[in-house]
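By convention in this document, chain letters (A, B, ...) are assigned in the order of the sequence lines, proteins followed by strands, and residues within each chain are numbered from 1. Everything numeric in this text was worked out from a predicted model, so none of it was measured.
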Amino acid sequence: MSLLMSATINEWVKLRARKKTVFFLALIAVLPFLGLMAVQRLQNGVGIAAFSGADYPIAFLGGLTLFVLPLLIFLSASDMFAGELGDRTIRSVLVRPVNRYKIFASKLLAIFGVTALGLLLGWISSTAASLFMDAPDGRWGGVAESALAYAAAAVPMFALGTVSAFLSLGFRNASGALAVSILVYAAAKLVAFAFPQIAAFLPTAYTDWHQLWIGGAVSFGKIAAIFSFLLGCGIVFYTSGSYLFEKKEV
Amino acid sequence: MKKKVMMLGVGLTIGSALVATSAFAGIGEAKGYEAYKTALKTTAAVASSTDRVTLSMRDNGTELLNVSTTVKSDQTAGTASGQAEIKAGSVSQTFEFYQQDGKHVFKAGGSDTYEVMEDRSREEWKEHEQALRDPAFSAEMEKVVDALVGNLKNQFDIQSEADGTSTIDAKLTGSEIPAAVNVIGSLFVKEGLSGKHADRWDRHSPAKDALGLDIPQIAERFPKLTQDVNLDEIELHAVIDENDIVSSQEIDFTVSGKDASGKSHEVVIRAAVETTGLGATTPDTIDLTGKKIETVKDMRD
Amino acid sequence: MNGDIVLDIQGLTKSYRNRRGIENVTLQVRRGDIYGFFGPNGAGKTTVMKIASGLIRADRGSVRLFGYDVNEQYEPAMSRVGVLIEKGEAFEYLSGRRNLELAARLYPGLPKTRVDEVLELVGLSKHGKEKAGHYSLGMKMRLAIAGALVSKPELLILDEPTNGLDIEGMVEIRELVRKLAREERTTFFLSSHLISEMEMICNRIGILHEGKLIREGSMGELLQGSGPSSSLETYFIEQIRAEREAADHEPANVRYH
């Protein structure tokens with residue numbers, strides 16, 4: 001266990017040392033305030049509220065889980081797998097007395113970690129920004145609800161992380177893996193327009209499942225079904241990825 | 001080595017089992033949404049019906065506008081007839097209209113003149129309509145709508161009754177309303193209430209005469225929301241009968257905002273439709289012989 | 001199991017699509033050996049070393065490190081081994097010291113001072129804070145060697161450790177190998193295509209040619225019976241010639257399947 005922990009810390013150190021990661025996390029922290037400026041212009045100029053302060057964090061979460069976080073996840077996974085396989089730095093990780101299942105797990109844990117951090121930052125920052133907006137119906141109920149929504153949003157993001165790791169293992173070039181991950185993601189999103197029945201069985205259909213957690217109109221059964229689906233996808237891609245990684249010749 | 005393959009097998013089995021479970025638990029379907037959609041399609045396909053459409057707007061509980069219309073229509077014959085009543089405060093006006101023999105006939109309540117408009121754009125419209133009714137096209141559109149609706153599908157609740165009818169309820173409040181819908185909806189309502197667009201009716205005096213209503217005057221009473229306009233709630237309630245027909249439905253939009261004096265308004269716009277006489281409605285016709293007729297070219301001219 | 005054998009390679013075979021590869025390589029490295037794995041570029045030295053450190057899999061054969069199978073019991077097998085394969089790429093966006101810290105973290109119980117020690121050992125103390133991406137070729141090689149050394153391994157698998165180093169650097173590495181062998185009783189399995197280098201420090205030599213281990217033995221054994229001015233170089237040339245002649249008398253494609 002402590003080896004897995006150490007390996008995870010290592011992956012985290014590498015992730016944090018990359019400018020891209022820092023840039024994306026900074027972006028997540030800044031975006032809610034840029035959004036706030038846009039909303040205020042809308043409010044003062046056009047006169048529409050667009051958001052109650054209480055709803056703003058969840059509206060921001062929509063954008064976060066649609067674009068920013070998936071991109072950050074793809075970026076991290078591409079660097080960790082395709083990138084390290086490509087420049088062979090992966091060897092310096094593998095020739096240590098840590099088996100490859102643990103290395104694979106540590107990389108995914110680091111991806112989960114950066115995703116969770118992104119969500120936490122997004123929540124704090126958008127909640128802070130929302131304090132500058134009117135909340136006619138009170139804001140503290142919204143804070144609790146948005147906290148729940150941000151926590152729930154981690155589930156589909158984690159599933160996306162396992163898919164992205166799996167895809168990335170097919171490449172030996174970080175930018176290639178990134179480009180393909182983005183393309184696959186966009187394609188999966190667009191499939192919904194052509195074949196809605198298929199789209200329901202893609203994890204990408206549930207990046208906004210946090211919407212189901214708010215308002216309380218959706219049955220527990222529905223949430224359980226989607227959770228079981230996302231968990232199933234996660235396990236399938238995790239085990240397949242782990243197996244591929246174990247067999248990888250470097 | 002065998003252990004590794006076994007781990008892969010176990011992982012894949014458990015994962016697939018979970019995915020399969022979710023499929024059986026109906027992950028891909030949204031019963032309420034699908035039932036509502038099917039019923040709408042069935043209803044639209046019925047050849048003739050009598051629809052009672054009520055449109056109303058309330059501001060802080062006071063009714064500002066109420067338009068109630070009864071329309072009898074027969075798609076196969078291409079005919080329709082109806083009465084409408086507009087109430088706006090003390091102002092009230094009734095209308096009757098017919099669509100027959102390729103003409104639109106229109107008469108305002110207080111007048112004895114029948115306005116007749118040759119439906120010259122009819123052919124053009126027909127083509128357009130046919131394109132819209134093309135099954136392939138509508139299937140595509142349906143997919144686009146489905147995709148845009150996304151997970152909101154799950155917000156449609158269905159209650160099935162023992163007698164075969166069911167009710168659909170969907171309610172979106174606050175953050176459940178997609179930001180784009182909120183912004184567009186708020187803008188739409190704000191502009192609509194502003195009265196700016198009512199002026200247009202003045203220039204089209206034929207319409208003004210025909211309606212017998214002073215639209216700018218009516219619009220004058222609408223609250224002019226200038227700030228904090230927000231779409232607070234969208235609520236849909238529909239009843240589907242045992243034949244999969246939407247027998248009644250009602251949609252409410254609640255918009256709040258403040259006027260220039262800082263007074264808060266809560267505006268509720270409601271549209272309700274009740275459908276009866278399915279397949280058994282014959283639109284009324286009007287015999288124009290001996291009546292005072294005025295031929296209107298086209299309102300757009 | 002003979003406790004003295006720290007690296008036991010048995011019947012290793014691996015073929016690549018380009019038909020190069022290794023065939024039935026068997027060798028043992030005993031505790032205290034400085035085993036020189038010698039052969040021209042492309043002979044398959046790196047392949048053997050990669051299999052020995054678990055980076056790739058053999059088609060057939062086995063590798064045991066300290067008695068543990070490298071495929072089945074990876075963690076105990078690798079716990080006392082330090083590895084440097086090819087250039088041993090570092091994470092260029094991290095400092096040299098950070099790179100070593102990452103490695104050190106994976107060996108529980110390693111003293112915190114160890115990273116400084118190895119930086120000192122390879123002469124990079126002054127450059128520890130610089131990004132590895134800014135290092136010269138020689139500095140990168142030193143950092144890679146430091147990475148292999150950081151765990152205080154009992155066995156060091158070093159693939160061409162003097163590659164990219166200037167003469168001074170080569171001498172330093174040679175000194176380091178001797179020092180570790182003498183003071184820490186570190187065992188070495190190192191490869192080179194430079195024959196003179198091997199002669200100077202190794203006590204045992206394995207000669208790999210076109211994927212096959214053609215001779216193995218102590219320096220003395222190998223040079224026995226050669227001419228008076230014999231060196232490893234002349235010995236090697238003789239061996240190659242002998243191999244070629246033998247091959248000419250055999251049907252052409254027995255060597256690989």
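- Looking only at atom types and distance, the side chain of A:K107 has no donor-acceptor partner in the side chain of A:S76 under 3.5 Å away.
- No side-chain N or O of A:T127 forms a donor-acceptor pair with one of A:Y56 less than 3.5 Å apart.
- A:F245 pairs in a ring-ring contact (aromatic ring centres under 6.0 Å, His included) with only one of the listed residues (A:F81, A:F166, A:Y238, A:Y101), which is A:F81.
- With a threshold of 4.5 angstrom between heavy atoms, C:A90 approaches chain A through N, CA, C or O but not through any side-chain atom.
- Contact of C:K14 with chain A is made through the side chain alone, with heavy-atom distances under 4.5 Å.
- Using a 4.5 Å heavy-atom cutoff, the side chains of A:Y243 and A:L169 are not in contact.
- The choice from C:P108, C:A77, C:A148, C:S79 that makes the most heavy-atom pairs within less than 4.5 Å of chain A is C:S79.
- Across C:E101, C:E75, C:E89, the residue that shares the most heavy-atom pairs under 4.5 angstrom with chain A is C:E75.
- C:E120 and C:S125 form a side-chain donor-acceptor contact under 3.5 Å, judged by distance and modelled atom types alone.
- The closest side-chain donor-acceptor pair between C:D159 and C:T46 falls under 3.5 angstrom.
- When A:E84, A:R96, A:K248 are compared by the number of non-hydrogen pairs under 4.5 Å with chain C, A:R96 comes out ahead.
- Ranked by heavy-atom pairs under 4.5 Å with chain C, the list A:R100, A:K19, A:K14, A:R88 is led by A:K14.
- For C:V70, no part sits under 4.5 Å from any heavy atom of chain A, backbone or side chain.
- Neither the backbone nor the side chain of C:R80 comes within contact range of chain A; no heavy atom of the residue lies under 4.5 Å from a heavy atom of that chain.
- Look at C:R57 and A:E246 and you find a salt bridge, because one of the NZ, NE, NH1 or NH2 atoms lies within 4.0 Å of a carboxylate O, short of that distance.
- No side-chain N or O of C:D69 forms a donor-acceptor pair with one of C:S62 less than 3.5 Å apart.
- Within the 4.5 angstrom heavy-atom criterion, atoms from both the backbone and the side chain of A:N99 approach chain C.
- Both the backbone and the side chain of A:T89 come within less than 4.5 Å of a heavy atom of chain C.
- For the options C:A144, C:P76, C:G147, heavy-atom pairs under 4.5 Å to chain A are most numerous at C:G147.
- Chosen from C:L84, C:V81, C:I85, the residue pairing most often with chain A at heavy-atom distances under 4.5 Å is C:I85.
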